[in-house]
Amino acid sequence: MRIAFVGLGNMGGPMAANLAKAGHHVSAYDMSKAAIERVVGSGAHAAASATAAAADAEVVVTMLPAGQHVREIYLAGEGLLKTVKPGTLCIDSSTIDVTTARDVYAAAKAARVDFLDAPVSGGVGGAAAGTLTFMVGGDTPAFDRAKPILEKMGKNIFHAGGAGNGQAAKICNNMLLAISMIGTCEAFVLAEKLGLDHETLFKISSTASGQCWSLTSYCPVPGPVPASPANRGYQPGFTAAMMLKDLKLAQAAAQTAGAATPLGAQATALYSMFDAAGAGARDFSGIIQLLRGQPQA
Ligand code: NAD
């Protein structure tokens with residue numbers, strides 16, 4: 001299959017490489033020449049622009065930083081929706097706001113182009129290993145077309161419903177994760193003050209009603225879960241800056257939709273403080289340091 005891939009950064013680069021390794025003809029473009037060269041080394045073909053990459057593609061995949069880049073690439077004067085043939089399948093895997101995802105879907109429909117929002121979780125490790133989780137919003141026939149392609153880059157592929165629902169699923173999940181991580185950290189900090197050791201709290205809570213993924217798979221203190229970032233000085237993993245980005249998207253969506261998310265708002269404030277203290281590049285579970293009053297320790 002002829003696939004155009006636009007946005008070859010930390011995530012897009014290895015995702016495009018996996019499509020090329022699976023035998024697809026991948027036409028790759030990024031504003032960064034170095035990023036293009038990296039994927040050419042994995043079997044992709046360099047394109048001179050996004051429109052050149054997409055000109056005769058059956059499928060277009062985009063992996064860009066934020067909503068404004070997605071609008072620019074698809075909707076601007078010479079944007080992809082003016083370039084691609086009717087019937088082309090466009091998959092945007094960037095994490096962006098729900099409103100932009102729905103606007104681009106509507107413009108694509110008017111151009112008789114299939115558009116899916118398909119954000120991912122699993123991070124750079126998952127992108128390289130081809131084990132990402134895709135949360136997909138859009139029409140069922142388009143999802144059915146996309147699934148075999150997404151399976152070359154990911155392990156779990158979920159259809160979350162209509163346009164924008166992939167982004168909705170991603171920000172709801174990550175807001176829940178941030179809140180549960182902060183709660184888990186608070187429990188350990190209180191236990192420290194009360195003289196209850198980490199292992200004992202872990203043993204009890206991991207089999208009691210406080211059990212959650214932040215505790216049992218990604219424990220924010222060293223020891224109980226040897227693979228968690230706490231055991232390697234909070235090297236990411238998933239950075240606090242990325243978590244803050246997703247929390248801000250969740251807050252914007254909550255305001256637009258009129259949903260009350262007071263703990264999401266509090267989590268956003270705490271990750272903003274952690275980021276402002278210079279810890280944005282650390283793993284998000286490192287927020288336990290902020291709760292101890294030592295964000296940089
Ligand atoms: P990145 O900054 O490493 O890559 C983005 C790439 O897009 C860059 O190479 C940049 O040059 C390119 N780009 C920007 N504007 C462009 C344009 N107009 N035309 C062509 N190329 C353009 O970011 P990333 O870490 O790869 O993340 C990409 C997306 O995936 C983001 O939306 C992010 O929120 C999401 N995401 C990232 C992670 C992660 O762990 N890094 C995890 C899940 C989701």
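Counting convention: from 1, in listed order, for ligands and their atoms alike.
- A salt bridge does not link Glu78 with Lys82: none of the charged nitrogens is closer than 4.0 Å to a carboxylate oxygen.
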Under 3.5 Å, N/O to N/O: give me all the pairs between ligand 1 and the protein, one per line with atom names and distance.
unit_1	atom_1	unit_2	atom_2	d
ligand 1	3 (O)	Asn10	N	2.9
ligand 1	3 (O)	Asn10	ND2	3.2
ligand 1	9 (O)	Asp30	OD1	3.3
ligand 1	9 (O)	Asp30	OD2	2.7
ligand 1	11 (O)	Asp30	OD1	2.6
ligand 1	21 (N)	Met31	N	3.4
ligand 1	26 (O)	Asn10	N	3.3
ligand 1	26 (O)	Met11	N	2.8
ligand 1	32 (O)	Leu64	O	2.8
ligand 1	32 (O)	Pro65	O	3.1
ligand 1	32 (O)	Thr95	N	3.0
ligand 1	32 (O)	Lys245	NZ	3.0
ligand 1	34 (O)	Lys245	NZ	2.7

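- A search for side chain to side chain contact (heavy atoms under 4.5 Å, CB included) contacts involving Ala46 returns Ile36, Val40, not counting sequence neighbours.
- Remark: Asp275 engages no residue in a salt bridge (charged side-chain N to carboxylate O under 4.0 Å, His left out) (not counting sequence neighbours).
- At least one side-chain heavy atom of Arg145 sits less than 4.5 Å from a side-chain heavy atom of Asp114.
- A side-chain N or O of Asp139 and one of Tyr105 form a donor-acceptor pair less than 3.5 Å apart.
- Under the salt bridge (charged side-chain N to carboxylate O under 4.0 Å, His left out) criterion, Arg232 pairs with no residue at all, not counting sequence neighbours.
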